*Asks:* 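Once you've had a glance at the structure underneath, I'll fire off some questions.
Nothing here was measured: the structure is a model prediction, and the numbers come from that model. Numbers here are sequence positions counted from 1.
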Amino acid sequence: MRVLRPVPLPRLLLLAIALLCAGRLANASLGDRLPAFRDCVAECKHANCGQHGISIPLQHRLLLWTCPSECDYACQHIVTTRRLTRDPPYREPVVQFHGKWPFYRFLGMQEPFSVLFSLLNFLAHDQGMRRIRDSIPASYPLRPYYLLFGYFGLLSWICSMVFHA
C-alpha cells in the first residue's frame with residue numbers, strides 16, 4: 001500500500017505564484033475586446049469624466065458607480081443595441097462585458113435577482129452556522145473546520161452580492 005505524503009510548502013507557493021501569473025494572460029469577455037466598445041468608453045470618459053463631468057445620482061454613488069463605470073455601462077448598451085438593430089444577415093448576438101450580460105439597472109443594481117438570491121444563500125449559510133454552534137459541542141475536533149468553511153461560504157456570498165450589484 002502506497003502512502004501519500006503532503007506536498008512541501010515551497011512547492012505549493014511556487015504553484016500558487018505560477019497560477020496567479022497565468023491569470024494575467026487570461027482574456028476578458030468578448031464584449032470587452034470589441035473595438036467599438038473600447039472606442040465608445042474612451043470617448044465617453046474623455047467627454048464626461050473631466051473636472052466638470054456628469055453628475056451621478058446618489059443611489060448609484062452609494063453602490064460605488066463612478067463616471068468611468070457609468071461610461072462603461074452606457075457603452076455596453078449602445079454597442080449591444082447597435083449589434084441587435086442591424087439587418088438580419090449582419091445582426092450580431094448579444095455578448096458579455098466583464099463576464100456579465102448587459103442587463104439594465106434597477107435601483108442601481110444590474111442584477112437585482114442575483115443579489116437577492118445571493119442574500120438568501122448568505123442567510124441560509126448563517127443559519128447553518130448557528131446550528132453548528134448550537135448542536136456540535138466545542139470539544140468536537142472538526143467543529144472549527146466546519147465553522148471556517150461556513151465563514152468562507154459567507155464571504156463568498158457577500159462577494160457574489162457585490163459582484164452582481
Side-chain angles (χ1 to χ4, degrees), residues 1-34 37-38 41 44-45 49 53-77 79-80 93-165:
M1 183 167 151
R2 186 175 176 193
V3 177
L4 296 175
R5 288 179 286 157
V7 178
L9 186 61
R11 282 189 187 169
L12 283 176
L13 287 175
L14 190 61
L15 178 63
I17 291 170
L19 288 174
L20 287 174
C21 290
R24 300 186 114 236
L25 301 174
N27 287 326
S29 300
L30 176 62
D32 303 346
R33 297 189 309 265
L34 291 174
F37 175 71
R38 289 181 180 210
V41 171
C44 179
K45 285 181 186 178
C49 296
I54 58 174
S55 173
I56 299 171
L58 177 63
Q59 73 269 20
H60 293 177
R61 286 191 314 241
L62 291 174
L63 290 170
L64 306 178
W65 285 91
T66 61
C67 183
S69 62
E70 288 284 338
C71 284
D72 189 279
Y73 173 78
C75 288
Q76 287 178 29
H77 291 285
V79 169
T80 300
V94 176
V95 294
Q96 290 184 339
F97 298 88
H98 313 296
K100 298 190 291 187
W101 297 107
F103 294 123
Y104 287 98
R105 287 189 293 217
F106 175 74
L107 300 175
M109 296 179 281
Q110 278 188 275
E111 300 178 39
F113 287 109
S114 294
V115 174
L116 175 65
F117 296 142
S118 294
L119 173 64
L120 294 174
N121 278 312
F122 174 88
L123 295 173
H125 268 75
D126 186 51
Q127 180 184 10
M129 287 182 61
R130 264 189 256 125
R131 285 185 181 176
I132 288 173
R133 283 189 212 99
D134 293 344
S135 62
I136 297 178
S139 62
Y140 185 65
L142 293 179
R143 184 176 187 245
Y145 295 105
Y146 293 155
L147 292 175
L148 181 66
F149 290 139
Y151 286 122
F152 278 121
L154 292 176
L155 179 63
S156 297
W157 291 116
I158 289 171
C159 292
S160 176
M161 285 187 278
V162 170
F163 176 78
H164 290 291

*Asks:* Once the angle between the rings of His98 and Phe37 is folded into 0 to 90°, is it parallel (under 30°), tilted (30 to 60°) or perpendicular (over 60°)?
*Replies:* perpendicular

*Asks:* Kindly write out the residues that satisfy side chain to side chain donor-acceptor pair (under 3.5 Å) with Asn121, not counting sequence neighbours, or none if the list is empty.
*Replies:* none

*Asks:* How many angstroms lie between atom CH2 of Trp157 and atom CG of Leu120, to the nearest 0.5 angstrom?
*Replies:* 10.0 Å

*Asks:* Measure the spacing between SG of Cys159 and CG of Leu154 and express it to the nearest 0.5 Å.
*Replies:* 11.0 Å

*Asks:* Which atom pair, heavy atoms only, marks the closest approach of Pro102 to Val95?
*Replies:*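 Smallest heavy-atom distance, with atoms named: CD-O, 3.4 Å.
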
*Asks:* I want to check something: taking the side chain as every heavy atom from C-beta on, are Phe113 and His164 in contact at a cut-off of under 4.5 Å?
*Replies:*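 SC-SC contact between Phe113 and His164 ruled out.
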
*Asks:* Measure across Thr66 and Ile56 and return the closest heavy-atom pair with its distance rounded to 0.1 Å.
*Replies:* C-CD1, 3.3 Å

*Asks:* Should the SG of Cys49 and the SG of Cys71 be checked, would they turn out to be under 2.5 Å apart?
*Replies:* no

*Asks:* Side-chain atoms of residues 137-147: list all donor-acceptor pairs with protein atoms under 3.5 Å, sequence neighbours left out, distances to 0.1 Å.
*Replies:*
from, atom 1, to, atom 2, distance (Å)
Arg143, NE, Ile136, O, 3.1
Arg143, NH2, Arg133, O, 3.2

*Asks:* Ignoring hydrogens and angles, tell me if any N or O in the side chain of Ser29 forms a donor-acceptor pair with the backbone of Phe97 under 3.5 Å.
*Replies:* no

*Asks:* Between the side chain of Ser69 and the main-chain N/O of Trp65, is any donor-acceptor distance below 3.5 Å?
*Replies:*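 No; zero donor-acceptor contacts below 3.5 Å.
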
*Asks:* Do Ser156 side-chain atoms and Phe152 backbone N/O form a donor-acceptor pair below 3.5 Å?
*Replies:* yes

*Asks:* Using side-chain heavy atoms (C-beta onward) and a distance below 4.5 Å, is Pro68 in contact with Asp72?
*Replies:*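 No, their side chains stay 4.5 Å or more apart.
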
*Asks:* To the nearest 0.5 Å, what is the distance between CE (Met161) and CZ (Phe122)?
*Replies:* 5.5 Å

*Asks:* Would you give the length of the straight line joining atom OG of Ser114 to atom CG of Leu119, rounded to the nearest 0.5 angstrom?
*Replies:*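 Those atoms lie 12.5 Å apart.
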
*Asks:* For the atom pair NE2 (His77) and OH (Tyr104), what is the distance rounded to the nearest 0.5 Å?
*Replies:* 5.5 Å

*Asks:* What distance separates Ile132 CD1 from His125 NE2, expressed to the nearest 0.5 Å?
*Replies:*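 Separation between the atoms: 9.5 Å.
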
*Asks:* Step by step, work out the side chain to side chain contact (heavy atoms under 4.5 Å, CB included) result for Arg131 and Asp134.
*Replies:* CA-CA 5 Å; Arg131 285 185 181 176; Asp134 293 344; 5.7 Å; no

*Asks:* Under the rule for side-chain contact (heavy atoms from CB on, under 4.5 Å), what residues qualify as partners of Arg38, not counting sequence neighbours?
*Replies:* Arg33

*Asks:* Starting from the C-alpha separation in whole Å, work towards a yes-or-no answer on side chain to side chain contact (heavy atoms under 4.5 Å, CB included) for Trp101 and Glu111.
*Replies:* CA-CA 9 Å; Trp101 297 107; Glu111 300 178 39; over 6 Å; no

*Asks:* Backbone N or O of Met109 within a donor-acceptor pair of the His60 side chain at under 3.5 Å?
*Replies:*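 No.
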
*Asks:* Is the closest side-chain heavy-atom distance between Gln110 and Gln76 below 4.5 Å?
*Replies:* yes

*Asks:* Using every non-hydrogen atom in the two residues, find where Cys75 and Val41 come nearest and quote the distance to one decimal.
*Replies:*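 Smallest interatomic distance, heavy atoms only, reads SG-N, 3.4 Å.
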
